[in-house]
Amino acid sequence: EPEVTQTPSHQVTQMGQEVILRCVPISNHLYFYWYRQILGQKVEFLVSFYNNEISEKSEIFDDQFSVERPDGSNFTLKIRSTKLEDSAMYFCASNADTQYFGPGTRLTVL
Amino acid sequence: RKEVEQDPGPFNVPEGATVAFNCTYSNSASQSFFWYRQDCRKEPKLLMSVYSSGNEDGRFTAQLNRASQYISLLIRDSKLSDSATYLCVVNIAGGTSYGKLTFGQGTILTVHP
């Protein structure tokens, strides 16, 4: 069964550093998403992406965040200057008729 | 008011029990409704979509009441493997699930022997 994959599974970084989280959506899907889940809290929408552009973003997705589909396969989330409060699980999802989630990247900002 | 509100739980039930979860949503423009399940430190996985007519998948039955903006999930004959967090999820995009998903806080279920 096709799956959404994400790398790395765990990323540790220093506050102020840039991180790039990577996702490979299911191959025939056209809609892509990033969500995050702070430990003990609910899953929150960050951004959706379709036809090589952002279709919707949340208040969380400020100027420190960006997304890109650099090569028609990968879908990346970049955080330019990480803060302590960016520590969370980041889930990528892709959609044909249902949103399928990747296993997540646990980001720890020290 | 929270966009999607669920029973806080946790629910601790014996194997074989029937358990029901409730959820309310605030946006009347919501179009698609789902129950996802999330195991500890794992990704959300779709359990079932929820339709106005109600739908059943094995031991799981989901109901939607648009007038009351209320969604429910019933699990019959609980198994140890049903232990997880159950997430009520709503999508506002018209007619499809292409828009963002809005999640409830989740209800923790523990099924014990």
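Treat the numbers as computed from the prediction; the structure is a model and nothing was measured.
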Got a second to check how far M89(A)'s CE is from R41(B)'s CZ, nearest 0.5 Å?
8.5 Å
Residues at least two apart in sequence or cross-chain that pass ring-ring contact (aromatic ring centres under 6.0 Å, His included) with Y50(A), listed by chain then number, are Y31(A)
Side chain from CB out, backbone as N, CA, C, O: work out which of these in F101(A) comes under 4.5 Å of a heavy atom of chain B, or both, or neither.
both
Test side-chain hydrogen bond (donor to acceptor under 3.5 Å, both in side chains) applied to R22(A) - qualifying residues, sequence neighbours left out:
none
Heavy-atom count check: over 12 atoms from other residues, nucleotides or ligands less than 6.0 Å from E56(A) CD?
yes
Hydrophobic clusters here meaning ILVMFWY residues chained together by side-chain heavy-atom distances under 4.5 Å, can you tell me if L74(B) and V19(B) are in one?
no
Do Y36(B) and Q99(A) come close enough that some side-chain heavy atom pair is under 4.5 Å?
yes
Walk me through it: do Y35(A) and L101(B) pass the test side chain to side chain contact (heavy atoms under 4.5 Å, CB included)?
CA-CA 9 Å; Y35(A) 294 82; L101(B) 297 181; 3.4 Å; yes
Is it true that, when you exclude E3(A) itself, more than 12 heavy atoms of the residues, nucleotides or ligands shown sit nearer than 6.0 Å to its CD?
no
Any chance NZ of K83(A) has more than 12 other-residue heavy atoms, nucleotides or ligands included, within less than 6.0 Å?
yes
Do any of residues 36-45 of chain A have a heavy atom less than 4.5 Å from a heavy atom of chain B, and if so, which, in residue order?
Q37(A), L39(A), G40(A), Q41(A), K42(A), V43(A), F45(A)
Using a 4.5 Å cut-off between side-chain heavy atoms of Ile, Leu, Val, Met, Phe, Trp and Tyr, which other residues end up in the same hydrophobic cluster as M15(A)?
V19(A), L21(A), F32(A), W34(A), L46(A), V47(A), F49(A), I54(A), I60(A), F61(A), F65(A), V67(A), F75(A), L77(A), I79(A), L84(A), Y90(A), L107(A), V109(A)
Is the number of heavy atoms from other residues, nucleotides or ligands within 6.0 Å of OH (Y70(B)) greater than 12?
yes
